[in-house]
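Below is one structure; the comments refer to it alone.
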Amino acid sequence: MSAPAPSTLAIVDAEPLPRQEEVLTDAALAFVAELHRRFTPRRDELLARRAERRAEIARTSTLDFLPETAAIRADDSWKVAPAPAALQDRRVEITGPTDRKMTINALNSGAKVWLADFEDASAPTWENVVLGQLNLASAYTRTIDFTDERTGKSYALRPDAELATVVMRPRGWHLDERHLQVDGRPVPGALVDFGLYFFHNAQRLLDLGKGPYFYLPKTESHLEARLWNEVFVFAQDYVGIPQGTVRATVLIETITAAYEMEEILYELRDHASGLNAGRWDYLFSIVKNFRDGGAKFVLPDRNAVTMTAPFMRAYTELLVRTCHKRGAHAIGGMAAFIPSRRDAEVNKVAFEKVRADKDREAGDGFDGSWVAHPDLVPIAMESFDKVLGDKPNQKDRLREDVDVKAADLIAVDSLDAKPTYAGLVNAVQVGIRYIEAWLRGLGAVAIFNLMEDAATAEISRSQIWQWINAEVVLDNGEQVTADLAHKVAAEELANIRAEIGDEAFAAGNWQQAHDLLLTVSLDEDYADFLTLPAYEQLKG
């Protein structure tokens, strides 16, 4: 291992945590500081480029495949590196934050992969950032257990051969970590999460027959993928493991990335293992980028935009074709249902919807898909087992029948659905309830029998903003205005107080969540990410 550079990395305004010294070692912090010095300047340039590109979309109301990278798309000779054994079969992946209980339950879930999430399913409190790292390291050394103080139930890991393979998701490029600074500047959260995890676990994972595997969120261009590739190359040399050990799956959850899927795989080709299709962030990105585009870009209620909508079909089918053309896994979207312990009928209806969704994905050629709850693992597994049988994946299914044009990906008006009053109410309800939990340090939150994360709140507040600014008239004849949003939000706040009682209401962050939702939904200056102003209010 190369000698660490002198570190000026400082821990700022952070309460000491139990066992944090196991994560925040001098050597690990020196590595994070070196990542920051080498790669944050380029990160800053790429964030500025995002703003320039968004301004261009505002002027043109269109997107196209990049002419300057046409040769990469036309060259049929290149493929991504072969998948390592631990990532050959990804037919069911479970997602969730890295708290102690979830770490054990996800690894034990029967899923092939666990997306261990430091991003949208985790509010970035210092405790979540540091102890999440500790939990993963403890899982690899089998020194983790958990006893629920409320129920007395104990949780422990199954044998290694039965555990899911971990694919860790760091924060996106846009978020900084305020508690770790170099020369007075916060370090990008992406480099903190990646750096601490990689430094402590890369060799340990190799010794276990696996490796440091990552999901890369919020990517907006192949240039951002190139930056990640440069980080991987440097990091592997730094700790002395072979080049190509890292594997990355990129979430195609922004509309701009949908036009650069092949280029993203090309930039990461020595380290790429696949692409993933995620719904809520993708829809959020469409609203964000085309918010000035007029009526033809107005999305209906979020729950009316299923993966069978024509423009969503174009996106998912192009993703499968692109991945398989290049030898990469295509991973499908989230089944977010949380089974009810009290209502068997609700479960029956929801399970059938989950089964239909996973049957469709498996039939379309996806190699795997996501679930949010262990009870959904066997349902999704059955859907993929029927198609895959004993094969680990279906990358040999090239989907050469797919022909997606640039306009197909943004044909939002091809969907026969309109915004409704019930949809506005739901956006407000979910927005307030999610933000309140996030401000308490919870990133994955069960709301109305669905597991919601930050992407849910992003699409909710973006739709409110879009409907107001596009002067949308709802199914009941009312126009969406700031006054109507205020009225619905006030009613929801009163309903929550009645539902949980005055004492619980006063103990929560309900007024703060209400105010923050309205701020980001009504401000003329649209915030790029809800989590940026929310992070300023997050304690810890």
**Fill in**
d(E224 CD, H174 NE2) to nearest 0.5 Å is 10.5 Å
**Request:** Report the C-alpha distance between L268 and L216 in whole Å, list the side-chain angles of each, state the deciding distance to 0.1 Å, and finish with yes or no for side chain to side chain contact (heavy atoms under 4.5 Å, CB included).
**Result:** CA-CA 11 Å; L268 285 159; L216 305 181; 4.1 Å; yes
**Message:** So that I can tick it off, tell me whether E352 and R355 are bridged by a salt bridge, with the cut-off set at under 4.0 angstrom between side-chain N and carboxylate O.
**Reply:** yes
**Message:** Just checking E499: does its CD atom have more than 12 heavy atoms from other residues, nucleotides or ligands closer to it than 6.0 angstrom?
**Reply:** yes
**Request:** Could you tell me the separation between the CH2 atom of W438 and the OG atom of S122, rounded to the nearest 0.5 Å?
**Result:** 9.5 Å
**Request:** Identify whether the distance between the nearest side-chain nitrogen and carboxylate oxygen of D292 and R54 falls below 4.0 Å.
**Result:** yes
**Axial cation check for F366 ring with K358, 6.0 Å and 45° limits** = no
**More than 12 heavy atoms from other groups under 6.0 Å of NZ on K487** = yes
**Item:** Crowding at OH, Y266 (>12 non-hydrogen neighbours, <6.0 Å)
**Value:** no
**Prompt:** Considering residues, nucleotides and ligands other than N476, do more than 12 of their heavy atoms fall under 6.0 Å from its CG?
**Reply:** yes
**Message:** In the structure I gave you, are the side-chain heavy atoms of L484 and L424 within less than 4.5 Å of one another anywhere?
**Reply:** yes
**Message:** I'd like to know if the side chain of S109 reaches the main chain of A106, judged simply by a donor and an acceptor atom lying under 3.5 Å from each other, with no hydrogens or angles considered.
**Reply:** yes
**Message:** Looking at L131, is its backbone amide N or carbonyl O close enough to the side chain of N135 to form a donor-acceptor pair, meaning the two atoms are under 3.5 Å apart?
**Reply:** yes
**Request:** Taking H271 for its side chain and R247 for its backbone only, find out whether a donor-acceptor pair lies under 3.5 Å.
**Result:** no
**Prompt:** Where do L283 and F311 land on the side chain to side chain contact (heavy atoms under 4.5 Å, CB included) test, with the steps shown first?
**Reply:** CA-CA 11 Å; L283 293 174; F311 69 101; 3.9 Å; yes
**Message:** Is it true that D515 and Q511 share a donor-acceptor pair across their side chains at a distance under 3.5 Å?
**Reply:** yes
**Request:** Show your working on salt bridge (Lys or Arg N to Asp or Glu O under 4.0 Å) between R53 and E260 and close with a plain yes or no.
**Result:** CA-CA 14 Å; R53 193 171 196 193; E260 300 182 36; 2.8 Å; yes
**Message:** Could you tell me if the side chain of V167 sits less than 4.5 Å from the side chain of E93, heavy atoms only?
**Reply:** no
**Asked** Do I264 and H222 come close enough that some side-chain heavy atom pair is under 4.5 Å?
**Response** yes
**Prompt:** Between R461 and G431, is there a donor-acceptor pair closer than 3.5 Å when you use the side chain of the first and the backbone of the second?
**Reply:** no
**Asked** Are D13 and W126 close enough that some pair of their side-chain heavy atoms sits under 4.5 Å apart?
**Response** no
**Request:** Would you indicate whether the side-chain heavy atoms of Q479 and E471 approach each other to under 4.5 Å?
**Result:** yes
**Request:** Give the minimum heavy-atom separation between F384 and D367, together with the two atoms involved.
**Result:** CE2-C, 3.9 Å
**Asked** What are the two closest non-hydrogen atoms of I338 and A446, and how far apart are they?
**Response** CG1-CB, 4.4 Å
**Prompt:** Would E458 and K218 pass as an ion pair if we require N to O under 4.0 Å?
**Reply:** no
**Asked** Checking Y282 side chain against I252 main chain: does a donor-acceptor pair fall under 3.5 Å?
**Response** no
**Complete:** Smallest heavy-atom separation, Y434 atom then I447 atom, equals N-CD1, 3.7 Å
**Message:** Could you check whether atom CD of E127 has more than 12 heavy atoms from other residues, nucleotides or ligands sitting under 6.0 Å from it?
**Reply:** no
**Fill in**
Value for CG (L319) from CG (L275), rounded to nearest 0.5 Å, stands at 5.0 Å
**Asked** Can E492 and R433 be counted as an ion pair, charged N to O under 4.0 angstrom?
**Response** yes
**Item:** S369 (side chain) donor-acceptor with G333 (main chain) under 3.5 angstrom
**Value:** yes
**Prompt:** Between R59 and E56, is the closest basic N to carboxylate O distance under 4.0 Å?
**Reply:** yes
**Request:** Apply the test side chain to side chain donor-acceptor pair (under 3.5 Å) to residues N276 and T249: give CA-CA distance (whole Å), side-chain angles for both, the deciding distance (0.1 Å), then the verdict.
**Result:** CA-CA 7 Å; N276 167 272; T249 306; over 6 Å; no
**Message:** Closer than 3.5 angstrom, by distance alone: can the side chain of T531 be matched with the main-chain N or O of A534 as a donor-acceptor pair?
**Reply:** no
**Prompt:** Just by distance, do the side chain of T256 and the backbone of E220 share a donor-acceptor pair under 3.5 Å?
**Reply:** yes
**Prompt:** Honestly, is R302 close enough over W280, meaning NZ or CZ under 6.0 Å from the six-membered ring centre and within 45° of the axis?
**Reply:** yes
**Request:** For residues W114 and M102, determine if any side-chain heavy atom of one lies less than 4.5 Å from a side-chain heavy atom of the other.
**Result:** yes
**Item:** Expected output: side-chain T316 to main-chain R313 donor-acceptor under 3.5 Å
**Value:** yes
**Fill in**
Residues F337 and H373: closest non-hydrogen pair is O-CB, 4.0 Å
**Item:** Test item: E267 side-chain N/O and S221 main-chain N/O as donor-acceptor pair under 3.5 Å
**Value:** no
**Prompt:** How about Q466 and P419: do any of their side-chain heavy atoms sit closer than 4.5 Å?
**Reply:** no
**Request:** Would you give the length of the straight line joining atom OH of Y259 to atom OG1 of T254, rounded to the nearest 0.5 angstrom?
**Result:** 11.5 Å
**Item:** Between OG1 on residue T62 and CD1 on residue I410, distance to nearest 0.5 Å
**Value:** 4.0 Å
**Complete:** In short, A362 meets S383 closest at the heavy-atom pair CB-O, 3.7 Å
**Request:** Report the distance from atom CG of L87 to atom OH of Y213, rounding to the nearest 0.5 Å.
**Result:** 5.0 Å
**Prompt:** Side-chain donor-acceptor pair under 3.5 Å between T306 and T308, yes or no?
**Reply:** yes
**Item:** Under-4.0 Å salt bridge between R226 and E230
**Value:** no
**Check against side chain to side chain contact (heavy atoms under 4.5 Å, CB included), N426 and Q429** = CA-CA 5 Å; N426 183 257; Q429 287 178 319; 4.1 Å; yes
**Item:** E177/R171 salt bridge by N-O under 4.0 Å criterion
**Value:** yes
**Asked** Could you walk me through whether R440 and E436 pass the salt bridge (Lys or Arg N to Asp or Glu O under 4.0 Å) check?
**Response** CA-CA 7 Å; R440 284 188 283 115; E436 194 279 333; 2.9 Å; yes
**Prompt:** Using 30° and 60° as the class limits, which term best fits the ring planes of F194 and F214: parallel, tilted or perpendicular?
**Reply:** tilted
**Request:** Flag the pair R169 and D117 as a salt bridge only when some basic side-chain nitrogen lies within less than 4.0 angstrom of an acidic carboxylate oxygen.
**Result:** yes
**Message:** Would R42 and L223 count as a side chain to side chain contact (heavy atoms under 4.5 Å, CB included) here? Give the steps.
**Reply:** CA-CA 10 Å; R42 181 61 179 148; L223 298 178; 4.2 Å; yes
**Nearest heavy atoms of D528 and F284, plus distance in Å** = O-CZ, 3.4 Å
**Request:** Find out whether P124 and L175 are in side-chain contact, i.e. whether some heavy atom of one side chain is under 4.5 Å from a heavy atom of the other.
**Result:** no
